[in-house]
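Just so it is clear, the model here is predicted, and its values are computed rather than measured. By convention here, the first residue in the shown sequence is residue 1.
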Amino acid sequence: RTENGKKVCPSLRALLFLFPMINEGDWVAVCLVAGGLKIVQAIPGTQINLTKGCQVSADAIIGEPFGSYFSIDRRSVKRCAPPTLVEDEDVAQGIGQATNAGLHDDNTSQTVSTEEVRALKDDKTISREELVEKLVAGSKTHEGKTEFAKQKYVKKKKMKYLQMFFVQKPSLRLVCDKYSHKAIHLRSDYLSQIIQYANLSAYRRVLTMDGFSGILTAAALQQMQGSYQGKVFHTYQGGTPKNYQSLKMLGLEETANKCQVNVSLERIPTILETFSKGETEAKDPPEEQEKEPQPALRHTQQPPLSLVTAELKGGVDSLLIASQMHPMETMPLVWPLLRPGGSFVVYWEYSQPLEELWQWLRGTHQAVDIVLFHNWLREYQVMPSRTRPMNDMTNSGYILTGFKVYHRKGAETTGKRGPEPQKGENPAKRRQPPTTEPPELWGGK
């Protein structure tokens, strides 16, 4: 119902669900048609920097639906239709009637000089659309081109003089492409594989180790959004947890306050020592006993040691590591926290550190299905009658995955059965977890 009490049309309700409106304070992803991405907060009265020397007021997009296209004409922003493509029939007709064989790029086909273009740009009475029309009319070879070449020429001039962008709701892929790919070369296709191999879902206990933007923590929290079932143990270095901007962009602050537990790497040896002694809780230092945590900012605070120890008592189901630290410095430290049967995924920019980790995991006899792989991704241009691969291709890193299993004490390392129990010995007593892990961690006796 509206404010006047009238019923909303079901079709309108469906449109509002599919295309929600941009409200004040919402995070938006501004995507330039010519290429480029900005993730900003729509605050009234502020300016959004799109490119060098090009700013847009946030008031122009507030109140418009997500997915809208906008064009910039002399700093005035207005909604416009999405760019259209030439149909297959038009392309076929253009190929049969015209050809580009006689075109030569010698800078003599344009009758409008550079000085005249600058004068037209400075003239406030002429819009940028009229400028593009004058450039098209001043081209000597425009009429002799194919329909596809004409469209390409007009599109190129519009991108140069008439900038166009569209607004999207920030997603995990957009945040990954914007930040993580620049820091640790983590592409969105690698992120999707990490989520798949780690089996991220609600009711899971996940330990993450992020290197830059908190994209792994955001991916784990997004699976628990709404249900608030499960735990995400975010590890960090130093005394203060990082307040990642990606959680704000994706609207995961409430989920982080309920499901995220910050764990300092310096505390993990103390926690494991507590479990090895058969204790379930650790005593807080005197300086932490005086602190009172704020529930509204739980994901940005360091919780007491007793709370972290109690939460980690049952171990974790998945390990996600994509840090700038060497894998051999991080994996042996958090390996005892992974439950038998749990999965682990480690990402690194180069293969050599993961090869060393692969050898270490094989030596523990506690990991199976260890796979080290690298993806080769190439982007394709999908357009009518001209689908082809793009010329440029981005490189990324490597992923090491596997599962943790029991290693029965006394079993041979060749895959055969261990020694037979002696006469009078109970076989059940031989089924003990590895001596490198405390039984209390996973609930054993």
Side-chain angles (χ1 to χ4, degrees), residues 1-4 6-87 126-133 151-152 154-179 181 188 218 222 225 245-252 379 381-384:
R1 294 178 179 272
T2 61
E3 296 180 356
N4 299 330
K6 298 181 180 180
K7 292 185 178 180
V8 179
C9 178
S11 58
L12 178 59
R13 187 184 297 112
L15 288 175
L16 292 176
F17 177 77
L18 295 175
F19 303 98
M21 295 295 180
I22 302 174
N23 300 319
E24 297 181 2
D26 289 349
W27 286 89
V28 296
V30 182
C31 307
L32 295 174
V33 176
L37 173 65
K38 293 284 186 178
I39 301 180
V40 296
Q41 193 173 12
I43 301 177
T46 59
Q47 297 290 327
I48 302 175
N49 296 322
L50 297 181
T51 57
K52 185 177 180 180
C54 180
Q55 295 181 345
V56 175
S57 176
D59 299 331
I61 64 175
I62 295 177
E64 302 291 345
F66 282 100
S68 301
Y69 279 77
F70 299 88
S71 61
I72 307 174
D73 189 1
R74 299 191 181 278
R75 295 188 178 182
S76 63
V77 183
K78 59 181 180 180
R79 284 189 62 183
C80 63
T84 57
L85 300 175
V86 177
E87 299 295 336
I126 298 178
S127 64
R128 293 299 177 93
E129 294 181 354
E130 295 176 352
L131 173 60
V132 174
E133 293 177 358
Q151 182 201 29
K152 188 175 180 180
V154 174
K155 181 180 178 182
K156 181 179 178 180
K157 295 304 178 183
K158 284 185 176 181
M159 286 183 178
K160 184 176 181 180
Y161 299 104
L162 183 63
Q163 294 185 351
M164 186 181 299
F165 67 92
F166 60 97
V167 183
Q168 286 184 320
K169 201 174 184 64
S171 63
L172 201 62
R173 178 186 62 84
L174 293 176
V175 175
C176 181
D177 293 340
K178 178 61 179 178
Y179 297 102
H181 180 60
S188 56
Q222 196 174 57
Q225 190 176 14
Q245 198 79 350
S246 58
L247 301 182
K248 298 180 180 179
M249 296 176 179
L250 298 173
L252 297 173
E379 186 178 358
Q381 169 187 288
V382 181
M383 300 181 71

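- Once rounded to the nearest 0.5 Å, the distance linking NZ of K178 with SG of C176 reads 13.0 Å.
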- Task: Take L252 and Q225, measure what side-chain contact (heavy atoms from CB on, under 4.5 Å) needs, and give me the verdict at the end.
- Result: CA-CA 7 Å; L252 297 173; Q225 190 176 14; 3.5 Å; yes
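- Taking all atoms of both residues into account, the shortest heavy-atom contact from S188 to R173 is CB-CG, 3.6 Å.
- Closest approach of A42 and P44 over heavy atoms only: O-CD, 4.0 Å.
- In terms of heavy-atom proximity, A60 sits nearest to F70 at O-CE2, 3.8 Å.
- Taking the side chain as every heavy atom from C-beta outward, L174 and Q168 approach each other to under 4.5 Å.
- Residues passing the side-chain contact (heavy atoms from CB on, under 4.5 Å) test with K169 are F66, sequence neighbours excluded.
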List the atom pairs, with distances to 0.1 Å, where a side-chain N or O of residues 23-41 and a protein N or O form a donor-acceptor pair under 3.5 Å, not counting sequence neighbours.
{"unit_1": "D26", "atom_1": "OD2", "unit_2": "N23", "atom_2": "N", "d": "2.9"}
{"unit_1": "Q41", "atom_1": "NE2", "unit_2": "G25", "atom_2": "O", "d": "3.0"}

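- If you take CD1 on I61 and CD1 on I22, they are separated by 5.0 Å, rounding to the nearest 0.5 Å.
- Listed by first and then second residue, the side chain to side chain donor-acceptor pair (under 3.5 Å) pairs involving residues 56-71 are E64-R79 (not counting sequence neighbours).
- To the nearest 0.5 Å, the span separating CG on L131 from NZ on K157 amounts to 9.5 Å.
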- Task: Take I62 and I43 through the side-chain contact (heavy atoms from CB on, under 4.5 Å) test and state the conclusion after the steps.
- Result: CA-CA 9 Å; I62 295 177; I43 301 177; over 6 Å; no
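- Between the CD atom of Q222 and the CG atom of L172 there is a distance of 5.0 Å, given to the nearest 0.5 Å.
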